[in-house]
Amino acid sequence: MSAEKIRGVFPIAPATFDHRGAFDYDSYRAALRAMIQGGCPGVTLFGIAGEYYKLSYDEELAALRITVEECHRLGVPCIVSNTRHATEVAVDWAKTIADAGADCMMVLPPFFLKPGGQALYEHMREVSKAVDLPVMIQYAPEQTGVAIDPAILAQLCQEVSNIKFYKIECKPPGGYISRLLQLVEGRTAVFVGNAGFQLIEGYDRGAVGVMPGASMFDLYLQVTESYRQGDRQRAIKVHTVLVAMLNHIRQNVEMIIRFEKEIMYRRGIIANPYCRRPSYTIDKKAMRIFDELYAMIEPYFTYQGVPGTPAG
């Protein structure tokens, strides 16, 4: 598929487990269908919100195959993130991603031992050049611990012609997006990360899409569509409701993953909200606030299944 189709809301596909922690492939397929049939122009596999770091190699391969199969059957592209920390291993995994039929590969720079900027640059360059696919570079300084000047990322896309996208997740992202887009002169496009907290500003600065968690995908779609139609007030209204929920549930990574699954379970998108351990435990006070916020966002949902029984 053309890279031009990679625009708009590309939520992170969730890892779906049964009550014992085994990967639930039927529920995973149902979640993909809910997002795509609910209006998302594509999905992203192996994002941080998708608990990729808790999957076995066999589960990764199965999820990769299913994602490509379901997306192509429903006529949308899929982005698959390459999260390997060793350059040599990431190059091999890049070829697996391409051979599976993914439409775009996202590269998450290695962060476990906080390599320096030059090492990150070389990793991103080598992994991107290993495939003919369009590539998205994920700039996530909170994860990598390394800030990279936008001029360096612009230089990277000059060296590697198939780098077509950047996912920007620094804080604040606005000025960085503007400077990067100025430097690349139209060669690459930008997606907003960080759960879309700064989505409207990102669009104001020229971003073409967002890559949030999956649980509230229809609110992101409404913000995006309202913005595109010039209804800024509607975009701000929906975004404000969305941010109120995010402000509560996104206090750390495991917390938002657990609450995102709670939302998807209540909506009938997944069959079980189980998170593999170690995971976040919701106490009564946090759940009470969540329930109040859930009542605020529920009227904005355009897809509603039967809780615990995801649509096939």
Problem set entry | Ring-ring centroid check Phe111 His85, cutoff 6.0 Å | yes
For this session: Answer yes if the ring centres of Phe217 and Phe301 are under 6.0 angstrom apart, and no otherwise.
Result: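 For Phe217 and Phe301, the ring centres are not under 6.0 Å apart.
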For this session: Working to the nearest 0.5 Å, report the span between OG of Ser81 and CE of Met136.
Result: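 Result: 9.5 Å between the selected atoms.
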Is there a side-chain contact between [X] and [Y] in this structure, where contact means two heavy atoms from C-beta onward sitting under 4.5 Å apart?
X      : Y      : answer
Thr44  : Cys78  : no
Asp24  : Asn272 : no
Val208 : Val190 : no
Ile263 : Met216 : yes
Tyr220 : Leu199 : yes
Ile79  : Val43  : no
Val9   : Pro212 : yes
Val146 : Pro141 : no

What salt bridge (Lys or Arg N to Asp or Glu O under 4.0 Å) pairs are there with at least one residue in [range], not counting sequence neighbours?
range            : value
residues 150-174 : Arg125-Glu159, Glu142-Lys171, Lys167-Glu169
residues 215-226 : Asp218-Arg267
residues 279-301 : Arg266-Asp291, Arg288-Glu292
residues 79-99   : Glu60-Arg84

For this session: Quick one: list whatever passes side chain to side chain contact (heavy atoms under 4.5 Å, CB included) with Ala62, sequence neighbours left out.
Result: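 Once residues adjacent in sequence are excluded, the partners of Ala62 under the side chain to side chain contact (heavy atoms under 4.5 Å, CB included) criterion are Tyr25.
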Exercise. Among all residues two or more places apart in sequence or in another chain, which pass the side chain to side chain contact (heavy atoms under 4.5 Å, CB included) test with Arg73?
Worked result: Arg33, Glu70
Can I get a per-line list of side-chain donor-acceptor pairs under 3.5 Å for residues 241-248, giving both atom names and the distance, sequence neighbours left out?
residue: His248; atom: NE2; partner: Ala286; partner atom: O; Å: 2.9

Exercise. With a cutoff of under 4.5 Å between side-chain heavy atoms, which Ile, Leu, Val, Met, Phe, Trp and Tyr residues group with Phe112?
Worked result: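 Direct or chained contacts put Phe112 with Leu113.
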Exercise. Applying side-chain hydrogen bond (donor to acceptor under 3.5 Å, both in side chains), which residue pairs with at least one partner in residues 204-213 are found, sequence neighbours left out?
Worked result: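 Every pair satisfying side-chain hydrogen bond (donor to acceptor under 3.5 Å, both in side chains) with a residue in residues 204-213: Ser178-Arg205, Glu201-Arg205, Asp204-Tyr227, Asp204-Arg232.
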Exercise. According to the side-chain hydrogen bond (donor to acceptor under 3.5 Å, both in side chains) rule, which pairs have a member within residues 9-20, sequence neighbours left out?
Worked result: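 Residue pairs with at least one partner in residues 9-20: Asp18-Arg20.
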Exercise. Can you tell me if Arg234 and Gln229 form a side-chain donor-acceptor pair at under 3.5 Å?
Worked result: no
Please say yes or no: joined through hydrophobic side-chain contacts below 4.5 Å, possibly via intermediate residues, are [X] and [Y] part of one cluster?
X      : Y      : answer
Val80  : Met211 : no
Leu180 : Val135 : yes
Ile270 : Leu45  : yes

For this session: Apply the test salt bridge (charged side-chain N to carboxylate O under 4.0 Å, His left out) to residues Glu254 and Lys261: give CA-CA distance (whole Å), side-chain angles for both, the deciding distance (0.1 Å), then the verdict.
Result: CA-CA 11 Å; Glu254 292 290 353; Lys261 286 194 170 182; over 6 Å; no
Exercise. What pairs meet the ring-ring contact (aromatic ring centres under 6.0 Å, His included) rule with one or both residues in residues 125-179, with sequence neighbours excluded?
Worked result: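 Checked against ring-ring contact (aromatic ring centres under 6.0 Å, His included) - neighbours excluded - the pairs reaching residues 125-179 are Tyr139-Tyr176.
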Exercise. What pairs of residues pass the ring-ring contact (aromatic ring centres under 6.0 Å, His included) test when at least one of them lies in residues 26-54, not counting sequence neighbours?
Worked result: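 Of all non-adjacent pairs touching residues 26-54, those that pass ring-ring contact (aromatic ring centres under 6.0 Å, His included) are Phe23-Tyr28.
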Exercise. Do the ring planes of Phe191 and Phe10 sit parallel (below 30°), tilted (30 to 60°) or perpendicular (above 60°)?
Worked result: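 If you compare the ring of Phe191 with that of Phe10, the planes turn out perpendicular.
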For this session: Return the orientation label for the Trp93 and Tyr57 ring planes: parallel under 30°, perpendicular over 60°, tilted otherwise.
Result: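 Correct class here is tilted.
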Exercise. Which pair of heavy atoms, one from Ile168 and one from Pro173, lies closest together, and at what distance?
Worked result: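 Taking every non-hydrogen atom into account, CG2-CB, 4.1 Å.
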For this session: Could you go through the side-chain contact (heavy atoms from CB on, under 4.5 Å) check for Met124 and Ile163 one step at a time?
Result: CA-CA 10 Å; Met124 292 184 289; Ile163 293 178; over 6 Å; no
For this session: Could you check Asp103 against Leu133 for side-chain contact (heavy atoms from CB on, under 4.5 Å), going step by step and ending with a plain yes or no?
Result: CA-CA 7 Å; Asp103 301 287; Leu133 292 175; 5.9 Å; no
